[in-house]
Amino acid sequence: MVRSAPRPYPPALAPTRAIATVLPPPTLADWDRCRDVTRIHGRTFYFACQLLPLTERRCIHAIYAWCRHADDIVDTAAPGGIAAAHEQLDRWLATIDRPVDPISHAFAWVIREHGVPTEPAQDLIAGVRMDLERASFETWDDLRWYSYCVAGTVGLMTVPILGCIDRSALPHAVNLGIAMQLTNILRDVAEDAEMGRVYLPDEDLARFGVSRESLLAMNPDGDFRGLMRFEIERARGLYRSAHTGIPALSRAGQITTIAGSHLYREILHRIEERGYDVFDGRATVSTRRKMRKMPLVVAAFLRMQLSLVGTRPRA
């Protein structure tokens, strides 16, 4: 069972530690490997990143691919292989200093080149370790801490690439990551149940009379629709909070983040359209539907630019 960690939330970032090792820039093959991992495993994330210039897009792909590999170590751990998985995670974290393959090379280079803080990478590894324990989450604070570790940290690692100029915006980057993680949890209730996992907080299950056993059996009891509505509104509140920090990014970072937020929220709409049935196939957003959202993304971006008239210039 995971308790809320006794750390500030969101955590205050320590200064980026100096890494003495000098690395050559990644090769085109290194970048391509990171791109392919992102395209295959993070389709909505990948779609939004297409709005970035090539240099920044490659860096975001490298961050995503490094984080994805850590998640894969846990998801592919054999029964009884928890100790081995922990050792693999230790070795993967060490690649920040000593990269061993195209993904870790690209990630380690991005860390050095762009001053990406290393503390979120450490927290991400701590977060994926929780899945090795098949943890339950008693409260929203417990789940929020886990979601910070496995997703809010990605926001903290990407904001230097997206041109963040105001450290006070970092909590909003964390909230966007947590919103996206909660969206994933709601979309993947059935897939997680097949792996013996229930991420929704026990206190929320009890509030709506839904038992963990019924979710694991993929035949929910109680007011499951009410539970899903409640969690969807929680996610939307986090998206609204995250929006407040977007003006702190470069223009390219702004439109990319607006796109990612809009497209991820479409997953919530799809869940609603399906009558909250997350057990009869995954709620996905088609490429055509994503394209139909782009005029709304552009309109939101232009409204933001108008609201920033008279403020300091944005990159």
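Given the structure is predicted, the values throughout are model-derived calculations rather than measurements.
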Student: Given 3.5 Å as the limit, does a donor-acceptor pair link the side chain of H105 with the main chain of P24, or not?
Tutor: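 Judged by distance alone, yes, a pair lies under 3.5 Å.
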
Student: Taking the side chain from T153 and the backbone from A121, do they hold a donor-acceptor pair closer than 3.5 Å?
Tutor: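 It does not hold such a pair.
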
Student: So, Q254 side chain and L249 main chain: donor-acceptor pair closer than 3.5 Å or not?
Tutor: yes

Student: Is there side-chain contact between P171 and S241, with at least one heavy-atom pair below 4.5 Å?
Tutor: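 SC-SC contact between P171 and S241 ruled out.
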
Student: Checking the side chain of Y64 only, and the main-chain atoms of H41 only, is there a donor and an acceptor separated by less than 3.5 Å?
Tutor: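 Yes, the answer is positive, given that a donor and an acceptor are paired below the 3.5 Å cut-off.
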
Student: If I take atom CZ from residue R68 and atom CD1 from residue I40, how far apart are they, to the nearest 0.5 angstrom?
Tutor: 10.0 Å

Student: CG/L23 to CG/D97 distance, rounded to the nearest 0.5 angstrom?
Tutor: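 It comes to 9.5 Å.
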
Student: With a 4.0 Å cut-off, would you call D32 and R39 a salt bridge?
Tutor: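 No, D32 and R39 are not salt-bridged.
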
Student: Are there more than 12 heavy atoms of other residues, nucleotides or ligands under 6.0 Å from atom CZ of R225?
Tutor: no

Student: Please step through side-chain contact (heavy atoms from CB on, under 4.5 Å) for the pair K293 and F47, ending with a clear verdict.
Tutor: CA-CA 12 Å; K293 291 292 295 183; F47 188 95; over 6 Å; no

Student: List the steps and the verdict of side chain to side chain donor-acceptor pair (under 3.5 Å) for R240 and H243.
Tutor: CA-CA 5 Å; R240 287 191 293 271; H243 187 83; over 6 Å; no

Student: Please say whether more than 12 non-hydrogen atoms of neighbouring residues, nucleotides or ligands are located less than 6.0 Å from CZ in R43.
Tutor: no

Student: Go through it in stages, so that I can follow the logic: the residues are T139 and D141, the test is side chain to side chain donor-acceptor pair (under 3.5 Å), and I'd like the CA-CA distance, side-chain angles, deciding distance and then a yes or no.
Tutor: CA-CA 5 Å; T139 68; D141 283 343; 5.0 Å; no

Student: Say whether, by atom type as modelled, one donor and one acceptor occur between the side chain of T95 and the main chain of S104 under 3.5 angstrom.
Tutor: no

Student: Does Y199 have its ring centroid less than 6.0 Å away from the ring centroid of Y146?
Tutor: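 Ring centres of Y146 and Y199 closer than 6.0 Å.
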
Student: Of all heavy-atom pairs between L186 and V189, which one has the smallest distance, and what is that distance?
Tutor: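 Between these two residues, the closest heavy atoms are O-CG2, 3.5 Å.
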
Student: Between K290 and E266, does any side-chain N to carboxylate O distance fall below 4.0 Å?
Tutor: no

Student: Could you list all the side-chain hydrogen bond (donor to acceptor under 3.5 Å, both in side chains) pairs where at least one residue sits in residues 47-57, not counting sequence neighbours?
Tutor: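 The answer is none; no pair qualifies.
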
Student: For A65, does its backbone N or O pair with a side-chain atom of R33 as donor and acceptor, under 3.5 Å?
Tutor: no

Student: Given R197, which of D192, D188, D75 fulfils the salt bridge (Lys or Arg N to Asp or Glu O under 4.0 Å) condition?
Tutor: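 Answer to the salt bridge (Lys or Arg N to Asp or Glu O under 4.0 Å) test with R197 among D192, D188, D75: D75.
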
Student: Check whether D142 reaches the backbone of P201 with its side chain - one donor and one acceptor, N or O, closer than 3.5 Å.
Tutor: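 Looks like no, no N/O pair under 3.5 Å.
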
Student: Is it true that a side-chain atom of S261 and a backbone atom of T257 form a donor plus acceptor pair closer than 3.5 Å?
Tutor: no

Student: Salt-bridge test for E272 and R236: reply yes if a basic N is under 4.0 Å from a carboxylate O, no otherwise.
Tutor: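 Yes, E272 and R236 are salt-bridged.
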
Student: Under 4.0 Å between a Lys/Arg side-chain N and an Asp/Glu carboxylate O for R207 and D204?
Tutor: no

Student: Output the distance between atom CG (L182) and atom CG (N175), rounded to the nearest 0.5 Å.
Tutor: 11.5 Å

Student: Could you state the interatomic distance from CG (L93) to CG (L89), rounded to the nearest 0.5 Å?
Tutor: 8.5 Å

Student: Report yes or no: do L51 and L302 belong to one cluster of Ile/Leu/Val/Met/Phe/Trp/Tyr joined by side chain heavy-atom distances under 4.5 Å?
Tutor: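 L51 clusters together with L302.
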
Student: Would you call the rings of Y46 and H61 parallel, tilted or perpendicular if under 30° counts as parallel and over 60° as perpendicular?
Tutor: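 The arrangement is parallel - the two ring planes meet at less than 30°.
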
Student: Any side-chain heavy atom of M304 within less than 4.5 Å of one from P247?
Tutor: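 The answer is yes; the side chains approach within 4.5 Å.
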
Student: Give, for atom CG of L268 and atom OG1 of T183, the distance between the pair rounded to the nearest 0.5 Å.
Tutor: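 Interatomic distance, L268 CG to T183 OG1, rounded to 0.5 Å: 4.0 Å.
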
Student: Is there a donor-acceptor pair under 3.5 Å between the side chain of R112 and the backbone N or O of A108?
Tutor: yes

Student: From R144 CZ over to Q181 CD, what is the distance, rounded to the nearest 0.5 angstrom?
Tutor: 14.5 Å

Student: Identify whether L296 and Y239 are in the same connected component of the hydrophobic contact network (ILVMFWY, side-chain heavy atoms under 4.5 Å).
Tutor: no

Student: Quick one: closest heavy-atom pair of Y264 and M180, and the distance?
Tutor: CE2-O, 3.7 Å

Student: Looking at W92 and W66, would you say the former's side chain and the latter's main chain have a donor-acceptor pair under 3.5 Å?
Tutor: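 Such a contact is found between W92 side chain and W66 backbone.
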
Student: Is there a continuous path of hydrophobic side-chain contacts, each under 4.5 Å between heavy atoms, that joins I63 to L54?
Tutor: no

